[in-house]
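Notes follow once the structure below has been shown.
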Amino acid sequence: MTTSFELPDLVPSRTAAPIVLQVDDICLRWVMPEIFHDLPVQARDDDEAVQLLEELGDKVLPGAEYDDKTKFGVMCALALDDLSAAGVEHAAICLTVEGGIPCIATISVSLVESPEVAGIPAVVRAISSSLNKAEAGEISVIELPCGAAVSCIGNRDASISGELMSTEDNVTLPTSYIRVYVPLPNHTTVVMELSTPTMSGWDMFSTMFGNIVSSIRLFHADGSPLITSAVEA
C-alpha cells in the first residue's frame, strides 16, 4: 500500500514462538515469520485495542513521527473492524520495503463449518467444487505436512480510507490473496489467508505464506500428532 508517510528502518518482531489455536479438541500450531506482527483481534475492549495498536506502531515504525504512527494505527484499526466482523481468530500484519517500494500484507486465520459430508476427502472435494463453481480464483487440492487442504489464489477490490491516502474520497485498490482451507476431523475448517494490495511484494509474501502453511501442525487433546489426508482409506 502506498501511503503518505515515509517508512523508517523496520525492526522485525523478536517473538519466534509458534502460534497456537485451540479448535475444540484439536490444537493447531504454526510458525510466523518474525517480520509479521500480531494484530489485536482478540482485544477485550476498545481501550485495550488502542493500547496494543500504539505498541504495535512503536514496534513496526520505530523512530517515526507521531502522525505517521497514528496513520498506521488508524489503518490497523480499520482492518480490525473488518477482521472482527468476519470472525477472525488471529491476524498479523507486515510492513516492509521491497525494491525500494513500501509493501504491506496481512494474514488472517478464521474458523468455518465444514461442508456436511463424511470424511476429510469428501470435505476437500466439496470445498474445491464450491470454490470452482463460484469462480473464486485458481483452485488446487494440496497436501500439507499436516494433511489435506484446498488453496485458492484470487483477486478482489479493497477500500482504503481517503484520510490515509491524502484524498477526500476512499480509494479502491486491487488486492491479491492466497487462501488455504484446512479441514479438521471435528467438522471445522481452518481458513488461513494472505492478502496484499502491493504486487511488488507478491513473490516475497507468497513465498512466506507457503512456508507458514507448510508449518501448520495438528495435535489431538492428548498431544499426539494428527495428520489428515485427501486419500480414502
Side-chain angles (χ1 to χ4, degrees), residues 18-32 36 38-44 49 79-93 105-158 175-196 206 209-210 212-233:
I19 308 298
V20 179
L21 179 62
Q22 193 71 31
V23 187
D24 295 332
D25 57 341
I26 296 175
C27 180
L28 177 81
R29 296 181 182 178
W30 68 93
V31 179
M32 294 286 286
F36 276 90
D38 290 351
L39 286 167
V41 293
Q42 300 296 334
R44 290 167 296 184
L80 282 181
D81 291 339
D82 293 336
L83 294 171
S84 299
V88 167
E89 300 286 337
H90 178 84
I93 189 168
T106 57
I107 287 178
S108 64
V109 182
S110 57
L111 306 174
V112 299
E113 291 186 5
S114 297
E116 295 183 1
V117 292
I120 296 296
V123 173
V124 167
R125 288 194 297 269
I127 293 173
S128 178
S129 176
S130 177
L131 292 171
N132 275 306
K133 289 180 180 177
E135 298 182 347
E138 181 183 338
I139 314 302
S140 302
V141 174
I142 59 176
E143 281 285 341
L144 298 174
C146 68
V150 179
S151 71
C152 175
I153 302 175
N155 300 283
R156 62 170 177 258
D157 289 334
T175 298
S176 296
Y177 64 85
I178 309 174
R179 194 179 297 137
V180 171
Y181 300 77
V182 182
L184 305 180
N186 60 5
H187 308 294
T188 300
T189 293
V190 178
V191 184
M192 184 175 288
E193 180 187 282
L194 164 87
S195 63
T196 176
S206 59
F209 189 65
I212 293 168
V213 296
S214 294
S215 76
I216 296 174
R217 297 294 184 272
L218 305 175
F219 299 89
H220 293 287
D222 62 3
S224 60
L226 167 64
I227 299 178
T228 64
S229 176
V231 180
E232 299 280 7

Exercise. For T228 and L184, what are the C-alpha separation, side-chain angles and deciding distance, and is it a side-chain contact (heavy atoms from CB on, under 4.5 Å)?
Worked result: CA-CA 8 Å; T228 64; L184 305 180; 5.7 Å; no

For this session: Determine, step by step, whether V180 and L144 satisfy the side-chain contact (heavy atoms from CB on, under 4.5 Å) criterion, reporting the C-alpha distance in whole Å, the side-chain angles of both residues, the deciding distance to 0.1 Å, and the verdict.
Result: CA-CA 10 Å; V180 171; L144 298 174; 4.2 Å; yes

Exercise. Given the rule in the side-chain contact (heavy atoms from CB on, under 4.5 Å) test, do V182 and M192 qualify, once you have shown the distances and angles that lead to the verdict?
Worked result: CA-CA 8 Å; V182 182; M192 184 175 288; over 6 Å; no

Exercise. Is there a side-chain contact (heavy atoms from CB on, under 4.5 Å) between L28 and V20 once you walk through the steps?
Worked result: CA-CA 6 Å; L28 177 81; V20 179; over 6 Å; no

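Nearest heavy-atom pair across L83 and A91 is CD1-CB, 3.7 Å. Minimum interatomic distance between P40 and A49 (heavy atoms only, all atoms of both residues): CG-O, 4.2 Å. What you find for I216 and C146 is that their closest heavy atoms are O-CB, 3.3 Å. Looking at every heavy atom in both residues, E89 comes nearest to Q42 through O-NE2, 3.0 Å. When all heavy atoms of A118 and A122 are compared, the pair lying nearest together is O-CB, 3.3 Å. Nearest heavy atom pair, residue G210 against residue V213, reads O-CG2, 3.4 Å.
Within the 4.5 Å cutoff, the side chain of F219 has no heavy atoms near those of the L226 side chain. Using a 4.5 Å cut-off on side-chain heavy atoms (C-beta onward), I227 and L218 make no contact. L21 places none of its side-chain heavy atoms less than 4.5 Å from the side chain of H90. Taking 4.5 Å as the limit, every side-chain heavy atom of R217 sits out of range of all side-chain heavy atoms of P225. For the pair C152 and Y177, the minimum side-chain heavy-atom distance is below 4.5 Å.
Considering CD1 of I142 and OG of S128, their distance stands at 11.0 Å, rounded to 0.5 Å. A distance of 7.0 Å separates CD of E138 from OG of S151, quoted to the nearest 0.5 Å. I153 contributes atom CD1, which lies 9.5 Å from atom CZ of F209 (distance to the nearest 0.5 angstrom). The structure places OG of S108 at 12.0 Å from CD1 of I93, a figure rounded to the nearest 0.5 Å.
The main-chain N or O of V123 is never found under 3.5 Å from a side-chain atom of S114 such that the two would form a donor-acceptor pair. Here the side chain of S84 pairs a donor or acceptor atom with the backbone of L80 at under 3.5 angstrom. With N186 contributing its side chain and V23 its backbone, the two residues share a donor-acceptor pair below 3.5 Å. A donor-acceptor pair is defined here as one N or O able to donate and one able to accept, closer than 3.5 Å; no such pair exists between the side chain of E113 and the backbone of H187. In terms of modelled atom types and a separation under 3.5 Å, the side chain of S129 and the main chain of R125 share no donor-acceptor contact.
Crowding of H220 atom NE2: a count of heavy atoms from other residues, nucleotides or ligands under 6.0 Å exceeding 12.
Here the rule is side chain to side chain contact (heavy atoms under 4.5 Å, CB included) with I212, and of I107, L194, I19 only I107 fits it.
Judged as a side-chain hydrogen bond (donor to acceptor under 3.5 Å, both in side chains), and not counting sequence neighbours, the contacts of T106 are S195.
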